[in-house]
Each structure stands twice: as C-alpha cells, then as structure tokens.
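Nothing here was measured: the structure is a model prediction, and the numbers come from that model. Reminder, nothing fancy here: chain letters follow the sequence lines and each chain counts from 1. Below, each value reflects all heavy atoms present in this structure, side chains not excepted, and no hydrogens, waters or symmetry copies.
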Amino acid sequence: MTPASELTGWLFDLYADPQDGVTLWLLGDDGRRHRLRQAFPITFYAAGPPARLRELCRFLKSQPVPVELAREERRRDLFQPSRQPLLAVRVLLASDQPRLFRQVARRFPDLTYYDADVHLSLRHAAVYGTFPLARCRVQAGPDGTVTALEVLDSPWDLDPPRPELRILEMEPDVDPARGEPAALELRSGRLRYRLPLRPARPLLVNLRAILQRLDPDLLLTNRGDTWLLPLLLDLSEEHDLPLPLNRAPGRGVARRGERSYFSYGRIVYRGSQVMLFGRWHIDRANAMMWNDYALEGVLESARVTSLPVQEAARLSPGTGISSMQIRQALVQGVLVPWRKQQSEQPKTALQLIESDQGGMVYQPLIGVYSSVGALDFISMYPSIMVRCNISPETVPLRHVEPSDADPGLVPRTLAPLLEKRVALKHRLAGMPGWDPRRATDKARSSAQKWLLVTCFGYLGYKNARFGQIEAHEAVTAYGREALMRAKEAAEDHGFTVLHMYVDGLWLHRPGASQPADFEPVLMDILERTGLPVSLDGIYKWVAFLPSRVDERTPVPNRYFGAFQDGSIKVRGLACRRHDSPAWVGSLQMRLIEIFAKAGSAEELPDYLNEALNSLHRDLTALSEGRVPLEELLVTQRLSRALDRYTSPSPAARAALQLRQVTGREMRPGQKVRFLFTRGEPGVHAWDLPEPPDPRQIDRERYRELALRAAREVLEGLRVLPPEPTLLPLEKYTRR
DNA sequence: TCCTCACGGGG
DNA sequence: GTGTACGTGAGGA
C-alpha cells in the first residue's frame, strides 16, 4: 500500500471491476505499474409511458444492485430539440450495469433506452478526457483510490510522449493450421526462449516464471487468439497450475467466440479472441490489418477512438468511427440511442433505386496517353461531411453546399481527425526518406485513413446510431457535383478530361509535364468546390483498358501507368486481385516495370522485346517445374457454408477436401489456400497434411493465367494487337 | 447464353 | 456486435 500520493504516467488499461468500481492501470514515470481504483457510477435512461416507468422503478428497487433513480428532462435525441422527461438510472458499480440493463430490456421491451450500451472507456473519455496511453496526473489515496485525475495531453497531439513498453512475443514453431507445433518460441528484447509444448507441466511452470519475471505490458502472439491462449488456458486448468496471463490477479481472461458476419458486401470471418486485464494481448494473425499499420497504428486508433488498445487492435469497420461519435455525443450531452438487435430487413425497391446513386463514375477514353496529371480530392467524402456540415440532425436537403453553420455531431467528430491527418501528411511530405519517424507517421496516417473511409459508409448504414440515408446521399451527391465542377475548371484551363472516378481526375494537355502546369487548375478546383485537391503525380504514360467482353467499351477501373518519379499505379489488373497466384501477380508486375522505363507512350514499343523475354523466362520456369509451389498458391474466401454452394467454387472444393481428409470445418468468410491440380477435384488444399505431387500441378492452367495477365499489359499498352492474334506469344506457349 | 462465384479500397 | 451497392471477369452447364 502506497501512502496518499501524486502519480504521473500513462493510462494503460481501464475496465469495470466488481471490487474497484473501475480499475485503472498507470505506467508510472517511476517505471512501476500502478493499479488504481476509481468510483465511476454509470447512468442510463429510459423513456415511455409514466405507468411503465413507475413499474420499472419498482423493479429496479427490488434488485440487489445499488442504483439511484431520478427524473430528468433532456433532449431525447439529435432530431428533437425539445426536452422530455426521462427516468435516469444511476448504477453505482460500473460492473453491474451491463447485466442489469439486459434484464431491464428483457422485462420492459416496450420502453426506449439511451446511453444503455456504451463502452465504459467511452464514458470515461467523455467525463475525464482519457484515452489509452494518455499522460495523466493522478491523486490517489493510500489504498489506491483515485481522488483526482487530470489528463495532460490530447489525442490530437502530433507527437505524444510514449512510454517504454515491455513486450513479450510468443509464437508456435509451426503454423498450427498446417501442422503440429512442438514448441513455443518466446522473444523479449535480446532474450530468446524455446519451450517444448509437451510435457505440459514444465511448459506451464516455465511460462509462469517468465511472465512473473518479465511482467510484460504486451503479449504479442501469432495465433494467440484462436490457438495458443485457449490451449494454454486449457492446459492450465487441466493441470491445476494457474498461469498469470493477466497482470490483475484473481480474474479470468475475457473470451469471445468465433463468428462470421456480413460486412462491406461480403462475408467476413472473425476468429475467437482472448483479451487480458492489466496487460494487453494482441494476436498478429487476428488483428485487423496488422500488416498495414502494426502496433503504431493500433495505438493511434486507440488514442483517437478512446477504445482500449486490445479492442482497437481487433477493430472492425464502423466500430471505431461509431465510438468517436458516441464519445462526441456524450460530451455534447446528446443521448445515445440503444442499438437493438435488428433482424435483417430487405431493402424496399425504392431504397434500392435511391441507393443506386453512388460515386461519380465516368467512362475513360480507351488508350495510352502521356502528359497526364492525376488529381485526387483529399479524403473526399469526409471533407464533404465537414465542409458541408452533413450530419443526420442537420437534415440535409437534396442540395448541399459548403457552409459555416454550427457543426453537427458527425462533422464535429470528424473535423479533428481530418485535421490531424492533413497535418501528418503535410509533415510526411517534407520528411527525408531516412527519417525514422517516417514509418510511424505512415502507420498512423493509414490508421486514420481507415477511420475516415468507414465513417462515410457508416452514415448510410441502417443500424448505425447516428446514420441517415439522406445524409449519406447528400455526400455522394455533392461528390458528383464537385467532380463536375472540377471537370469544368479543367476544361477552362485547356485540359482534356480523360477519366473521372469517384474522387479522382485524369487530365491531359499536350506539353503539361511539370507540377507547375497543374497548379492553377488545382487552385481553381479548390475555389469552385471548397474541397482540397492534390496532384497525385504526372504520368509518363497511362493506359485505360477496354472491357474484356467488348473491346469498344471502356471500363472505369481498369488502368495502369508509370509516374515521372518511377512509381507505378495499377487498378483492376490480375496483380491487384487477392485471388491471383503470387507468381502471376509478380510476373505481370515485372512486365509493367519494364515498360515503366519508357519516358512516354511513343517509347513503349522499344521495350516489347525485353518484356517478351521476361515472360519467356517465367513460362520456362513454370514448365521446368522451377516455380516454388507457394508462388502458385491461390487464396480465396468462402462466401457461404459448404452445403450452400450450388456450383462449388475452387475454394469450396478445397475446403470440402480438407474436411474429408482432416475433419477440419471451414466457416464462411475464412480464406482457403489451394493449388490447381489436374483431374478431379481440380484443387489441392494447401493445409492438407500431404503435400501435392508436383506432377499433379495443372501447369496448363497456370500458363493460361500467366498469358492472360501478360495480355492485359501488352494489349493495354497497344504494343501487341488484341486477341485472337496472339502469334507473338504463341512461341512461348509450348509445354 | 445464362448462372454462379469472387473481387474491388488504400499503401 | 455487423458500412452498401454494383460492375467486371471467369468458369461451367
């Protein structure tokens, strides 16, 4: 027990606890990890007929949970300016609230509820301004009870001071999906351990000793959510040897089961999860987009959303931005509607027609061009929401314009995030390549980007708490308007608009080859639309491809080109698809890289020979069996349960095979890896215990895929005539 | 020719 | 505790 004292440090963890009320973990400047407690009552609201509210009062008083009841007059929600009477239920112990509310909602389903299912850390953030790794000054009593809490920095600071985190990495020696792991590999700083998984007793004893000695802040695992931690917990129980995965003693871990859900127009699979108390567990394999932004991005998401780090690491689209909106609502005193369980309702025909109005899509002029500038509106949809003040309660009309009116909830939520991202991008642009801050800034910028992108979709989501389809449509409507105004501006400056796509424009003017040539039109577009626009780059050459079905029809999102700085941009080609084998993607990319040496469209034919030689080498490697099987792997997502396929996709056939041989069940949304093989069933699942016979590989099919990818490039660049005149390629097509 | 299935964003 | 929709291309009946 420490005496009454003042502590300064970083807020590490925050959760409800039956004894403490709220438990806070502080990484102190003294290097110690302090467990503190804080009284933090939770209030939720109910509205409805007075008689029913009186019944609810009686019910609540009969419960063993300490509550305080009061009548309050508040604005019911964003759309109702008048105050209305509500019953305020103040639950004294935060850990009681979720269960109590579930009971209430079940017994009184006819009442309307507010602030009922809000994450504890958002409530805390709204009251104290806290967020994960906030710098805090805390006054605490001798038993660790917080008497005062002051946050010293803000989530919008560009360079927050960071604590030194103790990290323990832990992973199996073999991917458990593909084989039987024999040992755990542990790493912390320069320390390395290898712990055999069997026998279990010494494993548990050693692991316990390591956890106690290192006392890591972060347990960073591979397959920890779905395999390792569940296994360790089972073993620990079986052998009656407690394992201190939590830093908080005497508490179980928090587990969530696996599930498949519908998101972004497709099925997504989410494995089970294990989360700890007083310590973070992040599973690289289960963390959303860990490869994209890793720990730095996770911490950034946690800071700006106020969600705990373990939640932020597993963030699903919508959750992050929704959390920011809820926090903003609490700060503004707007009641947060309870998100009910809603059954899936098909859209009406009218809604379908209305939602047809998406982003502006234009038909590009098919062909290869030089002197082309690519212009992008910067975070277009979020910018529109902020600039035009689009929010559910501002009741957008059909036509919106930039406005300086008092911002609504959604713009208020977005503005600081947008501002922070622009500042960060600005700083990145002026940063030399060797600067070590580049990687972290990029990771943070990417995390912010993801939040900004999903916030637009969330506005049109029917189950969103602060969504409204009209607001959603107002955004896309102004987006189209802005693009049309940009087109007019470009034409006034003598440019030909080759293409427009949602938030980008491709402008061509003979001789335009310097950024300065585009400066005036950029300024003019900002002037006419109120939205910032940037020059993505100037193409040495860019090719817009025709449809594969009809060579006279352009398609909006199939193009590729080389910028003056040597970088390459590709859309809609095989190398961009996640279901292309790596070998096909890289072979196609190599071809584009060869042509990227051309200074203009006219020089492209000079590189045809080099490209064909490159293709020849790749095809020879394939026919001679020199391509590693990993490079030929195809990954596809299961779109439904296996028995729901009318004509099973290759992925479904591979999953069936896996089930027959290993008994392993794959769920919708899970990714299946397989090779194309000859004969039935035409695939060989990669996770089968037996590797495929290399002679069984369907080389013919891979060659077809390679030739198709090559044709996309060569025909797109007009250095070869279109199919079926594939004579120049013919000589490379022998087995 | 029609139907089914998978992908797409950014960096 | 889950953004929506739609267009493109491939493969098979």
Donor-acceptor contact below 3.5 Å, side chain A/Ser547 vs main chain A/Pro554: no
Main-chain N/O of A/Leu409 paired with A/Ser391 side-chain donor or acceptor, under 3.5 Å: yes
Side chain of [X] only, heavy atoms from C-beta on: which candidate in [options] is closest?
X        : options              : answer
A/Gln636 : B/dG10, B/dA6, C/dT8 : B/dA6
A/Arg558 : C/dA10, C/dT8, B/dA6 : C/dT8
A/Val555 : B/dG11, B/dG9, C/dT8 : C/dT8

Separation of the P atoms in C/dT4 and B/dG11, to the nearest angstrom: 24 Å
Distance test, side-chain N/O of [X] to OP1/OP2 of [N], below 4.0 Å:
X        : N      : answer
A/Arg701 : C/dG11 : yes
A/Ser547 : C/dG9  : yes
A/Tyr645 : B/dA6  : yes
A/Ser649 : B/dT4  : no
A/Asn557 : B/dG9  : yes

Atom-pair distance ([atom1] on [X]; [atom2] on [N]), nearest Å:
X        : N      : atom1 : atom2 : value
A/Met380 : B/dG9  : CE    : C1'   : 15 Å
A/Arg571 : B/dG8  : CZ    : P     : 11 Å
A/Asp579 : C/dT8  : CG    : C1'   : 12 Å
A/His578 : B/dG9  : NE2   : C1'   : 9 Å
A/Arg421 : B/dG11 : CZ    : C1'   : 10 Å
A/Arg577 : C/dT8  : CZ    : P     : 13 Å
A/Leu638 : B/dA6  : CG    : P     : 7 Å
A/Leu428 : B/dG11 : CG    : P     : 11 Å

At under 4.0 Å between heavy atoms, what does [X] touch on the DNA or RNA strands: base, sugar-phosphate, or nothing?
X        : value
A/Ser445 : nothing
A/Arg576 : base
A/Arg644 : nothing

Full working for side chain to side chain contact (heavy atoms under 4.5 Å, CB included) between A/Leu545 and A/Leu573: CA-CA 10 Å; A/Leu545 304 191; A/Leu573 268 56; 3.6 Å; yes
A/Glu593 and A/Arg590 ion-paired at < 4.0 Å: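 No, no charged N to carboxylate O under 4.0 Å.
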Ionic contact status for A/Arg444 with A/Asp441, cut-off 4.0 Å: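 A/Arg444 and A/Asp441: salt-bridged.
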